[in-house]
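Scroll down for the structure; my scribbles are underneath it.
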Amino acid sequence: VWTRDLVNSANAMLAAGDRATPLRALIYLNVSQHKHGGFAQNFWISGEPYWRGIQLDEVAYPILLAWRLGRDNALQDFDPYPMVLRAAGYLVRHGPLTPQERWEEVSGYSPSTLASNISALICAACFARGKGDEATAKYLEEYADFLECHVESWTVTTQGTLLPGVARHYIRISPERADNPDPEEDPNRGDIFVANNPPGAQSVFPATEVVDAGFLELVRHGIRRADDPLIVDSLKVIDAVLKVETPSGPCWRRYNHDGYGQRDDGSAFVGWGRGRAWPLLTGERGHYELAAGHDATPFIRTMEKLASSTGLLPEQSWDSPDLPGSFMYCGRPTGSAMPLMWAHAEYVKLLRSIHDGKMSDLIPDVAKRYLGERAQHCLFEVWKPMRQVRSVRTGYVLRIQMPAAFRLHWSDDEWHTVQDTPSSPTALGVAFVDISISAAQRAPVRFTFFWTKTNSWEGRDYLVSVVGR
């Protein structure tokens, strides 16, 4: 079981009018959740982990399912709040860098993962507020704001070379090790390893030159507008690099240089091959086109034509000239997994979205916060052990977040004056201190910790530089 696929399937069932199955799925996820709030990359039906990677979008998705069931008054007597709070706490403690993105291969800052995390935290805040816990709701919203105001600086290159005239666009992921406390956060730097390429073939590429359409999740959930110029320009790059016209209609590959798929001679993927077009991505594009005010019906028709003769949607479709000897025909299923439930879910949700005239996955609370008036939201920079940020901009709030209670011993004038600020507790397994950075601030913020539980000092100082906006 993949949490991502299960939740997408449950959301599709909910879109089709089935309230019982999605609730059973949520209860199943509740009992499969780890005590620390995370979920295994995938697990057996019994809940025993199989692959043990961590994908932050898979931690976020159960929160989104719980929110949708709550919206539809379909939770019955099941209270998902303990599960939601554990999962939200995990995102706050372990993000924003994900050990794996949705393609399960690379760690770093991923547009699609960030979109799911932002949305889930806002939904979790709705649950907390419904329980009367305004402090937790506020903290979750502010952490979501921190992620949201960094999306572009983490995942958008300004040095793109894939499409002449479009240097600024989203990339697949800004790569970085998940265990690096001083991560590189410049998307113009870094190389990405692309798995599954043939022996001897290039497998490392500049991150600025590897793209996927995961940024469309920002539109799907209501974090960015469909007509955002950056979204529009990024789609131009996607269409130039990943779009394939087949007899069944347009389809898209996951990302460029992908080696996971049928080989060029039509033989099976065994360790390496060539990534082919994925029908589910046609569905994702249909949702975007609907959000942009366009007719999404052609994308439904394409998905239907990409299906097998028995109506099953494959993971991948053959996107090269026909190879009758290998039973490979352009726009028809390859030997990949079929049916792919994620693709079927995308098809069902797109049908419902077209019927309603709006995306079924859109979260109004998210859209209200990020597509409406923005003046009331503070800009946050978060320092924590897993992300010891190097600088903070003037006008931001520097939030020092730690996993235990502390007193912050700090100065913003090179220790000429000193302040000692006790941390504030949360229900999320962290404590924090906020420092407002004024427009006139120039000296760095220097600080250390006094641990109140052990009555001991950290034993070293930290520094965060202040830079102008």
Side-chain angles (χ1 to χ4, degrees), residues 2-8 38-42 51-64 87 90-91 94-121 147-148 150-157 169-180 183-187 189-197 203-221 223-224 234 237-238 241-242 252-261 275 278 280-281 284 315 340 342 346 386-387:
W2 273 263
T3 297
R4 176 175 44 253
D5 296 60
L6 177 58
V7 170
N8 274 296
F39 291 85
Q41 179 180 355
N42 51 33
W51 294 343
R52 297 175 183 268
I54 299 296
Q55 300 168 15
L56 292 186
D57 64 335
E58 293 202 305
V59 179
Y61 274 121
I63 300 175
L64 300 179
Y90 189 94
L91 296 176
H94 294 275
L97 192 155
T98 183
Q100 291 182 354
E101 31 72 279
R102 67 178 186 164
W103 302 129
E104 307 191 289
E105 296 168 347
V106 183
S107 62
Y109 296 93
S110 156
S112 60
T113 300
L114 288 168
S116 69
N117 286 199
I118 293 165
S119 304
L121 291 167
L147 299 180
E148 186 273 338
H150 285 76
V151 167
E152 284 79 9
S153 64
W154 286 337
T155 66
V156 173
T157 181
H169 59 78
Y170 285 97
I171 58 177
R172 172 190 167 192
I173 192 169
S174 183
E176 181 54 280
R177 297 194 336 268
D179 61 352
N180 184 4
E184 175 58 66
E185 296 185 343
D186 182 353
R189 304 180 65 180
D191 295 324
I192 183 172
F193 174 78
V194 177
N196 306 314
N197 278 295
S203 59
V204 178
F205 301 87
T208 58
E209 297 179 8
V210 180
V211 295
D212 81 341
F215 60 87
L216 291 181
E217 296 296 284
L218 295 164
V219 177
R220 179 190 292 261
H221 293 302
I223 300 166
R224 292 291 180 270
S234 297
V237 177
I238 293 300
V241 177
L242 303 179
W252 285 261
R253 297 177 177 131
R254 295 194 301 174
Y255 53 83
N256 46 327
H257 311 298
D258 186 8
Y260 172 60
W278 287 53
L280 80 87
L281 298 178
E284 288 190 353
E315 178 187 75
L340 182 68
W342 187 1
E346 196 66 18
M386 297 177 64
R387 180 181 179 266

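Glu101 places a side-chain N or O within 3.5 Å of a backbone atom of Glu104 that can act as its donor or acceptor partner. For Asn197 (side chain) and His257 (main-chain N/O), a donor-acceptor pair under 3.5 Å exists by modelled atom type. One N or O on the side chain of Asn42 and one on the backbone of Trp51 form a donor-acceptor pair closer than 3.5 Å. For the pair Gln41 (side chain) and Gly53 (backbone), a donor-acceptor distance under 3.5 Å is present. Under a 3.5 Å cut-off, the side chain of Glu346 and the backbone N or O of Leu280 do not form any donor-acceptor pair. Remark: the backbone N or O of Leu56 is not paired with any side-chain donor or acceptor of Thr113 at under 3.5 angstrom. In terms of modelled atom types and a separation under 3.5 Å, the side chain of Asn256 and the main chain of Glu209 share a donor-acceptor contact. Side chain of Ser119 to main chain of Ser116: no donor-acceptor pair is present (N/O by atom type, distance under 3.5 Å, no hydrogens or angles).
In this structure, Trp278 and Tyr260 have tilted ring planes: the angle between them lies in the 30° to 60° band.
Under the 4.5 Å side-chain criterion, counting only non-hydrogen atoms from C-beta, Val151 is in contact with Arg224. Inter-residue side-chain proximity for Glu284 and Arg220 is flagged as met; some heavy-atom pair is nearer than 4.5 Å. Side-chain atoms of Leu64 and His221, non-hydrogen and from C-beta on, do get closer than 4.5 Å to each other.
Heavy-atom minimum distance, Tyr170 versus Ser234: N-OG, 3.0 Å. Considering every non-hydrogen atom in both Tyr109 and Pro96, the closest pair reads CE2-CG, 3.6 Å. Residues Ile171 and Thr157 approach most closely at CG2-CG2, 3.7 Å, considering heavy atoms. Residues Ala213 and Arg102 approach most closely at C-NH2, 4.2 Å, considering heavy atoms.
Judged as a ring pair (Phe, Tyr, Trp, His ring centres under 6.0 Å), and not counting sequence neighbours, Tyr61 has no contacts.
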*I would like to know whether Thr155 and Phe215 meet side chain to side chain contact (heavy atoms under 4.5 Å, CB included); could you show each step before the answer?*
CA-CA 9 Å; Thr155 66; Phe215 60 87; over 6 Å; no
_Would Tyr255 and Ile192 count as a side chain to side chain contact (heavy atoms under 4.5 Å, CB included) here? Give the steps._
CA-CA 12 Å; Tyr255 53 83; Ile192 183 172; over 6 Å; no
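The pair Arg387-Glu176 fails the salt-bridge criterion, with no side-chain N (NZ, NE, NH1 or NH2) lying under 4.0 Å from an Asp/Glu carboxylate O.
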